[in-house]
Number of protein chains: 2
Amino acid sequence: MTRAVNRQHTPPALQRLDTLMPLDGPARAAVTGAIARVRLVEPDQELLSEGQAITHTLLIVDGWAARVRVFPDGRRQILSFLLPGDLIGHCRQDSPCSVSTVIALTEVAICVAPRPAISPALAEAYAISTALDEAYLLAHIARLGRLTAHERICDLLLELLDRFQLSGLADAWAFELPLTQEKLADVLGLTAVHINRMLQLLRKEGELTLKGRQLVLTDPRGLAEKIGHITARVYAC
Amino acid sequence: MTRAVNRQHTPPALQRLDTLMPLDGPARAAVTGAIARVRLVEPDQELLSEGQAITHTLLIVDGWAARVRVFPDGRRQILSFLLPGDLIGHCRQDSPCSVSTVIALTEVAICVAPRPAISPALAEAYAISTALDEAYLLAHIARLGRLTAHERICDLLLELLDRFQLSGLADAWAFELPLTQEKLADVLGLTAVHINRMLQLLRKEGELTLKGRQLVLTDPRGLAEKIGHITARVYAC
DNA sequence: CGCCAGCTTGAATCTACTCAAATCTTGTGG
DNA sequence: CCACAAGATTTGAGTAGATTCAAGCTGGCG
């Protein structure tokens, strides 16, 4: 269950928040405490359903979750990924409810996120996290609207690499990608068959290798340059 | 410049916020005062550019604006529309900066949005507005990812109808659509030529009429039923 | 060993794109 | 009030990228 890259003691979720905004003692203690009390969710289980009232903000500790929309005829679209260190349901409304269903893609560990009132640094980390979330949504819209299948895959993988780097779950080239080609298709608005063909092409081009769940990008920076990918992180100032 | 539907004195921007959350006296006064001091922006002018520091939250008073992303090779994608009563740059960060360029699509009137601290009702209206914004982004992702050209157009027009109804700028069937087919293409991830053909088809099917800038949907509720459109408004509780 | 989910392959099809030209609008100046 | 230019819409023909459907393959696991 331990991820390859993160051998140190800092849990990825804590590391992500700390990277977004250096946390003070109370914040670190609160997050560490929260992370100690996780709930495990099985793959394909719903974490939250559309329209459901939100009582706590949740924090992803481990695993992959996703916001999804399913159409009456069975088409499905993954709206966004939720990865370790990401918040679920963080908003300012009095009685908020979920705007989308959230499901676990792998086994997921979640906990209740400490209240931002505990520490100004924590509040700021949450705010930056929320801003980044929005940047990822906008990037996804541009991806689906204007990129080809080939570009979409590269662009998404570069975003994921970047996101995992924030939490220490990726080094400069590689991270664990536990998604089936069908799920990739559901994020990228394509079919599994076409994802398959494009992944083969990318391998033939030498852009990536995929052994088991381990994804390695040969030259992330060169690839980002080539397809004009700009990391959303730059927007969070 | 006065829009067809809104003959009463309530400005659309005020009406939208008041619809989201009934405003108290101070809030209404503050919004009315703010709306009195508008800045006019010409079509195609930038309201905000990517990465720029945000000093005030802005409120759209009149006209259409959009968040756009332009690729190095000239492809462009409209990420979201900003319509009367919508907020620009409302967030919780200490020193926020814009995650996308915002341009005026028509002549736009904007003002500085009153601070939410003025009134709890206003703060809640802003919070709901922000939540709705996110719901629109998610809806757009699902649209681009999984709907056909025909469905995308219908789905977008239904969303716009719904949004204009919030501010009193649309009745049950019609609103003013000042977009060229090229701009519609830029939102929907299609080409102008294809938008043209699909609009003709929709007219032939009797789903809509388009005289000048006036868009009339023949049977919005039936259409929404047919394509499985769910108004994002339901998510805001 | 055999099953099953996921991956791979091929052929036919279709949706949307490209390019190019014609027509319609709208606004402007003479 | 007409002529003209510029922008926007419309039309047609050919093409490309992605889908569909169907079959075969692979690897992990009971």
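Atoms considered below: every heavy atom in the structure, side chains included; atoms not considered: hydrogens, waters and symmetry mates. Within every chain, numbering begins at 1; the chains are lettered A, B, ... in the order of the sequence lines, protein sequences first and strands thereafter.
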Quickly work out the [X] [atom1] to [N] [atom2] distance and round it to whole Å.
X	N	atom1	atom2	answer
D186(B)	dA8(D)	CG	C1'	14 Å
K183(B)	dT9(D)	NZ	P	11 Å
L188(A)	dG17(D)	CG	P	18 Å

What N/O pairs connect the protein and nucleotides 25-30 of chain D at under 3.5 Å? Give each pair on its own line.
none

_ring-ring contact (aromatic ring centres under 6.0 Å, His included) involving F81(B) - partner list, sequence neighbours excluded_ = W64(B)
_Divergence of helical axes at both termini of the helix from dT8(C)-dA23(D) to dG30(C)-dC1(D) - five pairs an end, 10° steps_ =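 Computed from the C1' atoms at both ends, the axes differ by 40°.
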Under 3.5 Å, is there a donor-acceptor pair between the side chain of [X] and the main chain of [Y]?
X	Y	result
T101(A)	E50(A)	yes
S98(A)	G51(A)	no
Q77(A)	V70(A)	no

*Can a donor-acceptor pair be found between the side chains of T130(A) and H90(A) at a distance below 3.5 Å?*
yes
_Pair S129(B)-R16(B), side-chain donor/acceptor within less than 3.5 Å_ = yes
*Members of residues 144-154 of chain A that approach DNA chain C, where some heavy atom sits under 4.0 Å away*: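 None, since no heavy atom is under 4.0 Å.
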*Of all of residues 191-210 of chain B, which get a heavy atom below 4.0 angstrom from DNA chain C, listed by number?*
T191(B), V193(B), H194(B), R197(B)
*side-chain hydrogen bond (donor to acceptor under 3.5 Å, both in side chains) involving H150(A) - partner list, sequence neighbours excluded*: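 By the side-chain hydrogen bond (donor to acceptor under 3.5 Å, both in side chains) rule, H150(A) matches E205(A).
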Show every donor-acceptor pair shorter than 3.5 Å between a side-chain atom in residues 181-192 of chain B and any protein atom, with sequence neighbours excluded, or say none if there are none.
unit_1, atom_1, unit_2, atom_2, d
Q181(B), OE1, N196(B), ND2, 2.9
D186(B), OD1, R146(A), NH2, 3.1
T191(B), OG1, H194(B), N, 3.3

*For residues I110(B) and L58(B), report the shortest heavy-atom separation together with the two atoms involved.*
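Heavy atoms of I110(B) and L58(B) come nearest at CD1-CD1, 4.0 Å.
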*Work out which heavy atom in C97(A) is nearest to a heavy atom in I54(A); give both atom names and the distance.*
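Closest heavy-atom pair between C97(A) and I54(A): C-CD1, 3.8 Å.
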*To the nearest 0.5 Å, how far apart are OG1 in T231(B) and CZ in R163(B)?*
10.5 Å
*List in chain and number order the residues that pass side-chain contact (heavy atoms from CB on, under 4.5 Å) with A34(B), two or more places apart in sequence or in another chain; answer none if no residue qualifies.*
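Expected list: C111(B), P114(B).
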*Which two nucleotides bound the region of DNA chain C that has atoms under 4.0 Å from heavy atoms of chain B, read 5' to 3'?*
dA16(C) to dC19(C)
Got a list of side-chain donor-acceptor pairs under 3.5 Å for residues 218-226 of chain B, not counting sequence neighbours?
unit_1, atom_1, unit_2, atom_2, d
T218(B), OG1, G206(B), O, 2.5
T218(B), OG1, E207(B), O, 3.1
D219(B), OD1, G222(B), N, 3.1
K226(B), NZ, E207(B), OE2, 2.6

_Where at least one partner belongs to residues 70-84 of chain B, residue pairs that pass salt bridge (charged side-chain N to carboxylate O under 4.0 Å, His left out), sequence neighbours excluded_ =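 Sorted pair list: E151(A)-R75(B), D73(B)-R75(B).
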*Enumerate the residue pairs fulfilling side chain to side chain donor-acceptor pair (under 3.5 Å) with a member in residues 36-49 of chain B, sequence neighbours excluded, ordered by first and then second residue.*
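Side chain to side chain donor-acceptor pair (under 3.5 Å) check on residues 36-49 of chain B returns S49(B)-Q52(B).
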